Amino acid sequence: MAAYSFRLYVTGRTPRSHAAESNLRRLCHTLTDGDCEVEVIDTVEYPERAAGDHIMATPTVIRLAPSPQLRVIGDLSDLGRAAAYLGFPDSPPLPER
């Protein structure tokens with residue numbers, strides 16, 4: 001079992017969907033030496049899965065492991081911020097709101 005497990009919800013094979021998947025995989029490869037699992041779910045093909053996870057917008061990534069679950073909406077194009085929100089090791093701390 002991988003140290004990090006993610007579920008990425010996308011809508012079709014759009015440029016934004018592709019960017020989100022590519023950015024998530026890049027973060028996994030760079031920050032965990034590939035010790036990640038990424039499951040990509042198309043909400044058009046599997047709307048019941050999206051409903052079950054309460055997905056309201058895509059792309060949305062859910063960190064399943066390690067606990068706790070975390071969610072980020074968007075294409076993850078700001079890699080540093082995405083890494084911090086998803087709790088990757090050695091990511092910069094986020095400023096307090």
Side-chain angles (χ1 to χ4, degrees):
M1 176 152 191
Y4 285 81
S5 178
F6 296 95
R7 184 173 298 145
L8 173 64
Y9 283 95
V10 298
T11 301
R13 298 309 308 166
T14 65
R16 189 165 165 84
S17 297
H18 177 73
E21 182 177 356
S22 177
N23 289 333
L24 180 57
R25 291 188 188 280
R26 184 175 345 161
L27 286 170
C28 285
H29 178 74
T30 303
L31 299 175
T32 68
D33 294 325
D35 193 14
C36 277
E37 293 175 347
V38 176
E39 177 185 18
V40 179
I41 299 171
D42 187 334
T43 61
V44 173
E45 293 180 36
Y46 302 100
E48 68 284 351
R49 300 268 321 259
D53 272 338
H54 308 286
I55 301 302
M56 299 296 184
T58 61
T60 295
V61 62
I62 303 172
R63 184 183 82 178
L64 302 170
S67 292
Q69 281 193 4
L70 301 172
R71 291 174 181 244
V72 174
I73 298 171
D75 66 5
L76 311 176
S77 57
D78 183 338
L79 295 175
R81 190 173 220 151
Y85 278 120
L86 290 170
F88 277 102
D90 300 325
S91 58
L94 290 170
E96 302 248 351
R97 290 184 179 213

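Not measured: the values here are computed from a predicted model.
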Exercise. Considering the options Arg16, Arg13, Arg26, which one meets the side-chain hydrogen bond (donor to acceptor under 3.5 Å, both in side chains) requirement together with Glu21?
Worked result: Arg13
For this session: Please report the closest heavy-atom contact between Cys28 and Cys36, naming both atoms and the distance.
Result: SG-SG, 2.7 Å
Exercise. Can you hop from Ile73 to Val61 via hydrophobic side chains spaced under 4.5 Å?
Worked result: no
Problem set entry | Where Asp75 and Asn23 come nearest, the two heavy atoms and their spacing | O-ND2, 2.8 Å
For this session: Considering non-hydrogen atoms only, spot the tightest contact between Gly87 and Tyr4 and give its length.
Result: O-OH, 3.3 Å
Exercise. For the atom pair OG1 (Thr58) and OH (Tyr9), what is the distance rounded to the nearest 0.5 Å?
Worked result: 11.5 Å
Exercise. Under 4.5 Å between side-chain heavy atoms, hopping through other hydrophobics if needed: is there a path connecting Leu64 to Ile41?
Worked result: yes
For this session: Quick one: pull up CG in Leu70 and CZ in Phe88 and give me the separation to the nearest 0.5 Å.
Result: 10.5 Å
Exercise. Linking I/L/V/M/F/W/Y whenever their side-chain heavy atoms sit closer than 4.5 Å, directly or via other members, would Ile62 and Leu86 fall into one cluster?
Worked result: no
Exercise. Once you round to the nearest 0.5 Å, how far does CZ of Phe6 lie from CD of Glu37?
Worked result: 10.5 Å
Exercise. Distance from His29 atom NE2 to Asp35 atom CG, nearest 0.5 Å?
Worked result: 12.5 Å
Exercise. If every non-hydrogen atom of Arg71 is compared with every non-hydrogen atom of His54, which pair is closest and at what distance?
Worked result: NH1-O, 3.8 Å
Exercise. Which atom pair, heavy atoms only, marks the closest approach of Pro68 to Arg63?
Worked result: O-NH2, 3.0 Å
Exercise. Are Leu8 and Ile55 connected in a single hydrophobic cluster, I mean Ile/Leu/Val/Met/Phe/Trp/Tyr linked by side-chain heavy atoms less than 4.5 Å apart?
Worked result: no
Exercise. Leu27 and Leu79: which non-hydrogen atoms are nearest, and at how many Å?
Worked result: CD2-O, 3.7 Å
Exercise. Has the side chain of Ser17 got a donor or acceptor atom that lies under 3.5 Å from a matching backbone atom of Gly12?
Worked result: yes
